[in-house]
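See structure below.
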Amino acid sequence: QVQLVESGGGLVQPGGSLRLSCAASGSIFSFYAMGWYRQTPGKQRELVARISSLGATNYADSVKGRFTISRDNAKNTVYLQMNSLEPEDTAVYYCKQDRPTGTTWGQGTQVTVSS
């Protein structure tokens, strides 16, 4: 039973920062790549950032230079540090783990950027 639990979302003003966490259980965490996605009503879920099992990272163009994905294998946790937040970053953020035996999504955490 693989579970991903996101936390750290909330309301922040433009230019502010948040740090999202995704705690994983039920898998050998260090084996697998992790991703952060986001979704707003009426839009497709989009990839925000990804980190491989060895720590290589990829980012959507819209967040490059502002967001940083990292992982702590000892804590079975992946993080998304979000700086210089903009209203366009408002979304539900989800973490995802892909394994050969299946994909697991977290329940999502709401991020709202508003003045």
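For reference, positions follow the sequence shown, starting with 1.
- Tracing side-chain contacts under 4.5 Å through hydrophobic residues (I, L, V, M, F, W, Y), one reaches Val63 starting from Val12; they form part of the same cluster.
- Across Asp89 and Tyr93, no two heavy atoms sit closer than the pair O-OH, 2.7 Å.
- Taking each heavy atom of Gly9 and Leu20 in turn, the nearest pair found is N-CD2, 3.6 Å.
- Among all heavy-atom pairs drawn from Leu4 and Ala24, the shortest one is CD2-CB, 3.5 Å.
- Residue Gln81 comes nearest to Ser17 through the heavy atom pair NE2-CB, 4.1 Å, listed as atom of the first residue, atom of the second, then distance.
- Note that the CZ atom of Arg38 and the CE atom of Met82 stand 7.0 Å from one another [nearest 0.5 Å].
- For the pair Pro14 and Ser115, the tightest heavy-atom approach, listed with the atom from each and the gap, is CD-N, 3.7 Å.
- In this structure, the separation between CH2 on Trp105 and CG on Asp98 is 8.0 Å, given to the nearest 0.5 Å.
- The closest donor-acceptor contact from the side chain of Tyr79 to the backbone of Thr68 lies at 3.5 Å or more, if one exists at all.
- Atom-to-atom distance recorded for Met34:CE and Thr57:OG1 is 15.0 Å, nearest 0.5 angstrom.
- Residues Ile69 and Tyr37 do not share a hydrophobic cluster, defined by chaining ILVMFWY side chains whose heavy atoms lie under 4.5 Å apart.
- In the hydrophobic clustering of ILVMFWY residues, with side-chain heavy atoms under 4.5 Å counting as a link, Tyr59 and Trp36 come out together.
- We find the CG-CG distance between Leu11 and Leu18 to be 9.0 Å, quoted to the nearest 0.5 Å.
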Validation: residues 49-56 side-chain donor-acceptor distances under 3.5 Å, sequence neighbours left out:
| unit_1 | atom_1 | unit_2 | atom_2 | d |
| --- | --- | --- | --- | --- |
| Ser52 | OG | Leu54 | N | 3.2 |
| Ser52 | OG | Gly55 | N | 3.2 |
| Ser52 | OG | Ala56 | N | 3.0 |

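- Relative to the ring axis of Phe31, Arg99 does not place its NZ or CZ within 45° and under 6.0 Å from the centre.
- Partners of Glu88 under the salt bridge (charged side-chain N to carboxylate O under 4.0 Å, His left out) rule, at least two apart in sequence or in another chain, do not exist in this structure.
- When every heavy atom of Gln107 is checked against every heavy atom of Tyr94, the shortest pair comes out as O-CE2, 3.5 Å.
- Taken from CD in Gln3 to OG in Ser27, the straight-line distance is 11.0 Å, to the nearest 0.5 Å.
- How far CZ of Phe29 is from CG of Asp72: 8.0 Å, rounded to the nearest 0.5 Å.
- A donor-acceptor contact shorter than 3.5 Å links the side chain of Thr90 to the backbone of Val113.
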